[in-house]
Number of protein chains: 2
Amino acid sequence: MRRLDNIDLRLLRVFVTLADAGGFADAQILLNLSQSTLSTHLSALERKLGAPLCERGRRGFRLTEFGEATYDAAKRLFVEIDAFQSRIGRDRVKLMGQLRIGIVDGVATSPELGIHGALSRYCEYAPDVFIDLLLGIPAELETAVADGTRDVVVGPMSQKVPGLTYIPIYREPHALYCGGSHPLFGVPDDAIDRAAIEEAPFAVRGYLHFDDLYRANHPRPCGTVKHMEAQVMMVLSGRFIGFLPCHIGGDWVRRGLMRALMPKTYSFSSTHFVATRTADARRPVVQAFVREVKRQAAG
Amino acid sequence: MRRLDNIDLRLLRVFVTLADAGGFADAQILLNLSQSTLSTHLSALERKLGAPLCERGRRGFRLTEFGEATYDAAKRLFVEIDAFQSRIGRDRVKLMGQLRIGIVDGVATSPELGIHGALSRYCEYAPDVFIDLLLGIPAELETAVADGTRDVVVGPMSQKVPGLTYIPIYREPHALYCGGSHPLFGVPDDAIDRAAIEEAPFAVRGYLHFDDLYRANHPRPCGTVKHMEAQVMMVLSGRFIGFLPCHIGGDWVRRGLMRALMPKTYSFSSTHFVATRTADARRPVVQAFVREVKRQAAG
DNA sequence: TTAATACATTGATGATTTTCGATGTAACCG
DNA sequence: CGGTTACATCGAAAATCATCAATGTATTAA
């Protein structure tokens, strides 16, 4: 029974990706797997096949002859598997039902990430799925997906709730901004010293609290907000400085109502994830959305 | 990641076997799986593919049109998988190491089962494996395989030790015998009544204790043995009657030293198994031996 | 020699799969 | 109607798999 069974397609997929990526580093990103997982899988495949597939180590990554043969054979097998699927006419299962999406505010409209593009393609792919879209703050949405009231959420996330699966999709660059009526607004970057910034009243978003403070080397917050729009308001007020995603801050800069403060020094990126309940991750309706978001993020 | 992965070859194998067998009953034997497992697997495949594969129930087993298509496509896919294997030149992994076999005494020499044939083919297939062969009684061997001191054992078995995998391979017919000096030896079958047999001193093999007694409708044993050869001795002594596998009893009958007592009435079959630790069952060295034994038993 | 790179190994932990026994159910047989 | 056949379903146990964090190891670059 067993013998006939698993050539273990999964291991072959990993191997092929690894070969395409020319090493672990890129394959990790492509597969969203840790280095140790890749290593384990590759060794497992070599064990099953009984011979080394590639040389690897400090001096580069190269397929062995056997690796080449396996690579080619695997590619071909994948084609056959696709052929199998289309022969039985199952390449597109009809998706139905509803999908409850949560998106963190400020992420929804990021043109760089462009979730709307993913949504658009998803709706084309799955025209019969009813979409329920909710904006919210990370903690709220993370809770919602954990307790099953949302199917999938997108945004920065704790990445720690057990039972949830997080897939990193995008790194959002942030810079430090002040409003038009802020004392520092008219001061050129090279005339600002760090002390001036570190003493200025500082607004943080709750979910990036420590990140924000740490990045500004700032002793403590003077204001805290949960929503991105609120943070914008704080900064526009001219009484606070604070971090904002560049795509939002940049908008206001263009309108002449904000400026970035020493963007070379005060900047960082936070990672956005798609999160679902692990148990839901394979539901076709959910899976397809995640796939589209990933594709969107990949460019 | 998942999407690309499992068409689930295993499920397809089950389906194809099921279709070939034309129903659950035969497929159960072919696959050595329970009815519920088959049912579960078949439903799972139908769920994954999104459509029923066959009609089944009291009124027969028939593939649907979709089932036919899937069957053909699957067969073809299997051919491609074999092609994959041969393309990478892995149809025969070299087997090495040792294999510790245990065989229940009396089974080893059964010409009907012919384990020696399996052993012979195994040695040809895996010439580099060192064979360690031990005869013993069922309980001993079952313990040995459970605690890892044997890799595989063949014989009648409790089939109840957790962590062991039992595969039925053969049903051994038994009959009731008495020795040449036993009072019943000269009495023709139609002159023997059941009472006479039920009162005669009766020797049982420990591991078939209840089976033996039940089959003879006998109140209690008058002698007990563990080894088949000992049972032969008891019967030859002329003081006891007892069950023996037909292939052994028959030998002695041919030599004129035993006779079968009412073989129509007093006969039964016990099932022989190949048992391994579940964890070992997939080790190629073990797996190949099990395969040969099964093939031998199948004819 | 030291540090950094690129993997390998290990141990732990959930998640998933596989499997079975027990029990339920519908169709047919008498 | 009661029994039998041929499955379906459920619940639970065992085994396996996937995965990661932490740590180990060899090689090369500085």
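- In this structure, A:Glu55 places its CD atom 15 Å from C1' of D:dA26, rounding to the nearest Å.
- Residues forming a side chain to side chain contact (heavy atoms under 4.5 Å, CB included) with B:Val290 (at least two apart in sequence, or on another chain): B:Val152, B:Ile167, B:Val274, B:Thr276, B:Val286, B:Lys294.
- Here the C1' atom of nucleotide D:dC17 and the CG atom of A:Leu38 are 15 Å apart, to the nearest Å.
- Of the candidate nucleotides C:dC20, D:dC7, C:dT10, C:dT10 has the atom lying nearest to any side-chain atom of A:Ser36.
- Residue B:Gly60 is the one, among A:Ser34 and B:Gly60, whose nearest nucleotide of DNA chain D lies closer to the 5' end (criterion: closest heavy atom).
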Q.
The test is side-chain hydrogen bond (donor to acceptor under 3.5 Å, both in side chains); show your working for B:Gln296 and B:Tyr122 and say whether it passes.
A. CA-CA 11 Å; B:Gln296 179 71 40; B:Tyr122 180 77; over 6 Å; no
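- If you check every strand for non-hydrogen atoms under 4.0 Å, A:Gly163 touches sugar and phosphate atoms only.
- Checking side-chain atoms of A:His272 against main-chain N and O of A:Ser270 turns up no donor-acceptor pair under 3.5 Å.
- Look at A:His41 and you'll find a side-chain N or O under 4.0 angstrom from OP1 or OP2 of D:dT19.
- Checking each of B:Thr149, B:Asp151, B:Asp132 against B:Arg100 for a side-chain hydrogen bond (donor to acceptor under 3.5 Å, both in side chains) leaves exactly one that passes, namely B:Asp151.
- Across all strands shown, A:Ser39 has heavy atoms under 4.0 Å from base atoms, whether or not it also approaches the sugar-phosphate.
- A donor-acceptor pair under 3.5 Å is formed between the side chain of B:Arg56 and the backbone N or O of B:Cys54.
- The interatomic distance linking A:Arg277 (CZ) with C:dG14 (P) rounds to 18 Å, in whole Å.
- B:Glu80 contributes no side-chain N or O that, together with a main-chain N or O of A:Leu77, makes up a donor-acceptor pair within less than 3.5 Å.
- Taking 4.0 angstrom as the limit, B:Arg10 places none of its side-chain polar atoms (N or O) nearer than this to OP1 or OP2 of D:dT16.
- Summarising the geometry, the separation between CG on A:Leu12 and P on D:dA18 is reported as 12 Å, rounded to the nearest angstrom.
- Heavy-atom nearest nucleotides on DNA chain D were determined for B:Leu164 and for B:Gly23, and the one closer to the 5' end corresponds to B:Gly23.
- Both the sub-6.0 Å distance and the 45° axial angle are not jointly satisfied by A:Arg76 relative to the ring of B:Phe84.
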Dump the pairs, protein N or O against N or O of nucleotides 24-30 of chain C, anything under 3.5 Å, distances to one decimal.
none

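- Summarising the geometry, the separation between CG on B:Leu45 and P on D:dC7 is reported as 16 Å, rounded to the nearest angstrom.
- Among D:dA15, C:dT16, D:dC20, the nucleotide with an atom closest to any side-chain atom of A:Thr37 is D:dC20.
- Comparing atom distances between the B:Leu33 side chain and each of C:dT9, D:dT19, C:dT19 picks out C:dT19 as nearest.
- Here C:dG21 presents its P atom at 10 Å from CD of B:Gln28, a figure rounded to the nearest Å.
- Residue A:Arg56 has its side chain nearest to C:dA8 when only D:dA18, C:dA8, D:dA8 are considered.
- Atoms OH (A:Tyr166) and P (D:dA21) sit 14 Å apart, rounded to a whole Å.
- The backbone N or O of B:Pro52 lies less than 3.5 Å from a partner atom in the side chain of B:Thr64, making a donor-acceptor pair.
- Between A:Asp26 atom CG and C:dC7 atom P there is a gap of 10 Å when expressed in whole angstrom units.
- The side chain of A:Phe24 approaches C:dA8 more closely than any other nucleotide in the set D:dT19, C:dA8, C:dC20.
- The side chain of A:Phe61 has C:dC7 as its nearest neighbour among D:dT16, C:dT18, C:dC7.
- Taking for each of B:Thr40 and B:Gln35 the nucleotide of DNA chain C with the nearest heavy atom, the 5'-most of the two is the partner of B:Thr40.
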